[in-house]
Amino acid sequence: MVKSKKKVLLTILLALSILMLCFACCFINDNTANAETNEELNYNQTRGLVTRISIDIGSYGDSIWARACNDFTLGFSTIQVYVYLYSSPTFQYTYRNMKLEAIDYIADLNIGKKLEVTAPIDGVERYWRARVKYRMDNKDWVEEETQSYLVNADGMLL
C-alpha cells in the first residue's frame with residue numbers, strides 16, 4: 001500500500017515537472033521574439049471588448065437630426081464614428097437610393113457622448129433616414145441605419 005502511494009505521488013510530481021517545463025519553454029520563446037514583431041502585435045491587439053452605438057432620428061421642427069450615441073463600451077478603446085443623414089421625396093428601403101444631406105465624424109466617441117448632424121426641412125415633405133458607421137480600435141467597420149420616416153413640411157414625423 002505504501003509503494004502504490006509513492007508511485008502515485010511520483011507520477012504527479014513527474015507530470016507537474018513536465019507541465020512547468022512546457023510553460024518555461026513558451027515563456028522563453030515569447031521573450032526572445034523579434035522586438036519589432038512584438039510592437040506590431042501590440043498595435044494590432046484590440047483594447048476594448050465590446051461597444052454599443054445607437055442611432056436615432058428626430059425633428060426640431062424646422063430641421064431633422066440624426067444622432068449616434070455611445071451607449072456602452074467595455075474596455076479602453078477608440079471608437080471612430082460617422083453619422084449620415086439622407087432624404088428622398090419617395091419612400092426608399094435603403095439609404096443608397098437617397099440623397100446625402102449631412103455627415104459628421106469623430107475620431108473617438110466616448111461612452112455616454114453623442115454625435116449629431118442636422119439638415120433643414122425647407123418646408124418640403126420628404127422621407128428621411130439616418131445611418132451610423134463605426135469601429136472599435138482596429139476592428140472591422142460596423143454599419144446600422146434607421147428605417148425611412150416621412151416628415152411633413154412642418155417637421156412632424158408621420
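Hydrogens, waters and symmetry mates are skipped; everything else that's a heavy atom, side chains included, is used. Keep in mind it's a predicted model, so treat the numbers as computed, not measured.
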Is there a path from [X] to [Y] through hydrophobic residues (I, L, V, M, F, W, Y) whose side chains come within less than 4.5 Å of each other?
{"X": "Met136", "Y": "Ile53", "answer": "yes"}
{"X": "Val124", "Y": "Ile121", "answer": "no"}
{"X": "Val117", "Y": "Leu157", "answer": "yes"}

How long is the gap from [atom1] on [X] to [atom2] on [Y], to the nearest 0.5 Å?
{"X": "Cys69", "Y": "Asp56", "atom1": "SG", "atom2": "CG", "result": "9.5 Å"}
{"X": "Leu85", "Y": "Lys99", "atom1": "CG", "atom2": "NZ", "result": "11.5 Å"}
{"X": "Leu100", "Y": "Tyr84", "atom1": "CG", "atom2": "OH", "result": "8.0 Å"}
{"X": "Asn70", "Y": "Ser77", "atom1": "CG", "atom2": "OG", "result": "8.0 Å"}

Residues forming a side chain to side chain donor-acceptor pair (under 3.5 Å) with [X], sequence neighbours excluded:
{"X": "Ser59", "result": "none"}
{"X": "Thr146", "result": "none"}
{"X": "Arg135", "result": "none"}
{"X": "Tyr149", "result": "none"}

Please collect all salt bridge (charged side-chain N to carboxylate O under 4.0 Å, His left out) contacts where either partner lies in [range], sequence neighbours excluded, each pair once.
{"range": "residues 105-117", "value": "Arg67-Glu116"}
{"range": "residues 141-158", "value": "Arg52-Glu144, Arg129-Glu145, Arg131-Glu143"}
{"range": "residues 68-95", "value": "none"}

Could you work out, with side chain to side chain contact (heavy atoms under 4.5 Å, CB included) as the rule, every residue matching [X], not counting sequence neighbours?
{"X": "Glu125", "answer": "Leu150, Asn152, Leu158"}
{"X": "Ser88", "answer": "Thr90, Gln92, Met98"}
{"X": "Asp122", "answer": "Pro120, Arg126"}

| task | Please name all residues satisfying ring pair (Phe, Tyr, Trp, His ring centres under 6.0 Å) with Tyr82, sequence neighbours left out, ordered by chain then number. | result | Tyr105, Trp141
| query | Do Thr73 and Val50 pass the side-chain contact (heavy atoms from CB on, under 4.5 Å) test, and can you show the C-alpha distance, the side-chain angles, and the key distance before you say yes or no? | reply | CA-CA 6 Å; Thr73 298; Val50 67; over 6 Å; no
| message | For Ile64 and Thr118: C-alpha separation, side-chain torsions, deciding distance, then whether side-chain contact (heavy atoms from CB on, under 4.5 Å) applies. | response | CA-CA 5 Å; Ile64 296 293; Thr118 60; over 6 Å; no
| query | What residue pairs, at least two apart or across chains, pass ring-ring contact (aromatic ring centres under 6.0 Å, His included) with a residue in residues 109-133? | reply | Phe91-Tyr127
| remark: Heavy-atom closest pair (Ala153 atom, Gly123 atom, distance to 0.1 Å) is CB-O, 3.3 Å
| query | Is any side-chain heavy atom of Val81 less than 4.5 Å from a side-chain heavy atom of Ile106? | reply | yes
| Under a 4.5 Å cut-off applied to non-hydrogen side-chain atoms, are Val83 and Ile55 in contact? | yes
| task | For side-chain contact (heavy atoms from CB on, under 4.5 Å), just list the numbers for Leu115 and Asp104, CA-CA rounded to whole Å, side-chain angles, deciding distance to a tenth of an Å, and then say yes or no. | result | CA-CA 8 Å; Leu115 179 63; Asp104 201 359; 3.4 Å; yes
